[in-house]
Every structure is written in C-alpha cells, then in structure tokens.
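These notes are about the structure you will find just below.
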Amino acid sequence: MRQPGRMTQATVSRATPPRTIVGIFSSDRKAVEAMRSLDAAGFDADRVQMTGDDPSRAAEAGGKTYALEGGIAGLLAGILLVAGFTVWGDLAMDPVGLVVGGIGVVGGLTAIGFVIGRTTGRHAPDAHLFARVVQNGGAIVSVQCADEECDFAAQVLDGAGAREVRDEPGPEAL
C-alpha cells in the first residue's frame with residue numbers, strides 16, 4: 001500500500017514499455033506548480049519535463065528523436081574523413097591546417113548529424129495538440145513512467161490543475 005507523499009520506484013524493463021503522461025496547462029505558472037507537485041511526490045527530475053516556450057519541442061513530448069544517434073554518427077564520420085585526408089591526402093604535412101580543419105570538419109558533421117537525427121524522430125499521436133497549446137501561451141508537463149506509476153503521475157498532474165491529462169504510448173512504443 002502506498003503512503004501519501006511516497007512513491008515506489010517502478011522498474012522499467014523490455015516487458016514494460018515506458019509511457020509518457022502529459023499534462024496540459026493554461027500557463028507556465030501552473031505548469032511550474034505541477035513540476036513542484038511531481039517533485040514533492042517523488043518523481044525523478046530527469047523523467048519530468050516542462051515546455052512552455054518552444055512549440056517544436058512540445059511536439060516531441062512522448063515521441064522519440066534520434067538526435068544523439070545522429071550526432072554520434074556525424075562525429076564518427078568526421079573523424080573518419082579527417083583521418084582519411086590525413087593519411088591519403090597529405091593533410092599531416094600542415095599541422096595547423098590539420099587541427100583547424102579537423103575541428104571544423106568533425107564539429108560540422110557532428111552538428112549536421114544532430115540536426116538530421118532530431119528531424120527524423122517519431123512524434124506521439126498528440127504532437128500537434130501539444131505544439132498548439134504552447135503556441136497559444138500554454139505549457140505542457142510530461143512524465144516518463146511505467147505501470148501504476150503512470151496512474152499516480154496523472155493524478156498529481158490533475159491535482160495540480162491540468163486542463164487535460166494525456167497518456168502517450170512513450171518513445172519505445174512508437
């Protein structure tokens with residue numbers, strides 16, 4: 001039995017895909033109050049996110065992006081490209097050019113990979129709703145959770161004044 005103010009830690013495994021509970025709020029102020037309520041209820045800060053100023057970021061709630069994977073792929077491609085030009089292109093003859101060019105190429109390809117990875121993500125079913133809410137001056141608070149923990153998160157968001165609480169399938173289920 002759960003005690004008020006205490007939360008049991010849910011174990012997220014492959015058998016239990018994570019879900020995202022999203023609370024829709026009419027203002028940033030109410031969303032901040034919801035964040036405080038979630039913190040007081042014991043939710044880890046790394047699983048709770050508030051978005052009130054960026055509609056494209058709000059659309060990512062409950063979805064999955066490949067930004068990290070894209071950045072890593074760009075980093076590796078940049079390193080391979082610089083290594084190739086160093087060995088086969090005689091770039092090693094000019095150490096200053098090697099360092100400056102290497103930093104530029106590796107950094108540029110990492111940034112490009114990050115952007116491509118972010119744009120190739122999958123959005124949650126309510127992504128357009130979340131973007132529209134933020135565009136119209138509202139805010140959303142999302143909580144990544146599993147099983148009964150999600151029910152508790154929905155109760156906390158509802159109690160904090162959410163206009164609406166949505167249960168999204170979560171990034172791994174998309």
Got a second to check how far [X]'s [atom1] is from [Y]'s [atom2], nearest 0.5 Å?
X: Leu157; Y: Lys30; atom1: CG; atom2: NZ; answer: 13.5 Å
X: Asp44; Y: Cys145; atom1: CG; atom2: SG; answer: 12.0 Å
X: Ile24; Y: Phe130; atom1: CD1; atom2: CZ; answer: 5.5 Å

Should side-chain heavy atoms under 4.5 Å link Ile, Leu, Val, Met, Phe, Trp and Tyr, which residues sit in the same cluster as [X]?
X: Val100; result: Val96
X: Val134; result: none
X: Met93; result: none

* To do: Please identify each residue that fulfils side-chain contact (heavy atoms from CB on, under 4.5 Å) with Glu33, with sequence neighbours left out.
  => Arg29, Arg36
* To do: Please list, chain by chain and in numerical order, all residues satisfying side-chain contact (heavy atoms from CB on, under 4.5 Å) with Met35, sequence neighbours excluded.
  => Val48, Met50, Val141
At their closest point, which heavy atom of [X] faces which heavy atom of [Y], and how far apart are they?
X: Ala67; Y: Phe114; answer: CB-CE1, 3.4 Å
X: Asp28; Y: Gly138; answer: OD1-O, 4.0 Å
X: Cys150; Y: Ala146; answer: SG-N, 3.4 Å
X: Ala160; Y: Phe25; answer: O-CE2, 3.9 Å
X: Ala131; Y: Pro55; answer: CB-O, 3.4 Å
X: Gly23; Y: Ala162; answer: CA-CB, 4.3 Å

* Please walk me through it: do Arg57 and Gln49 pass side chain to side chain contact (heavy atoms under 4.5 Å, CB included)? -> CA-CA 11 Å; Arg57 196 164 143 230; Gln49 180 179 345; 3.1 Å; yes
Just wondering, do [Y] and [X] contact through their side chains at under 4.5 Å, heavy atoms?
X: Glu164; Y: Val133; result: no
X: Ile21; Y: Ser142; result: no
X: Arg47; Y: Glu149; result: yes
X: Tyr66; Y: Ile116; result: no

Side-chain donor-acceptor distances from residues 75-86 under 3.5 Å, at least two apart:
from  : atom 1 : to    : atom 2 : distance (Å)
Thr86 : OG1    : Val82 : O      : 2.6

* Asked: Quick check: does any side chain N or O of Asp158 sit under 3.5 Å from a backbone N or O of Ala154, one acting as donor and the other as acceptor?
  -> no
* **Main-chain N/O of Val22 paired to Arg166 side chain as donor or acceptor, under 3.5 Å** => no
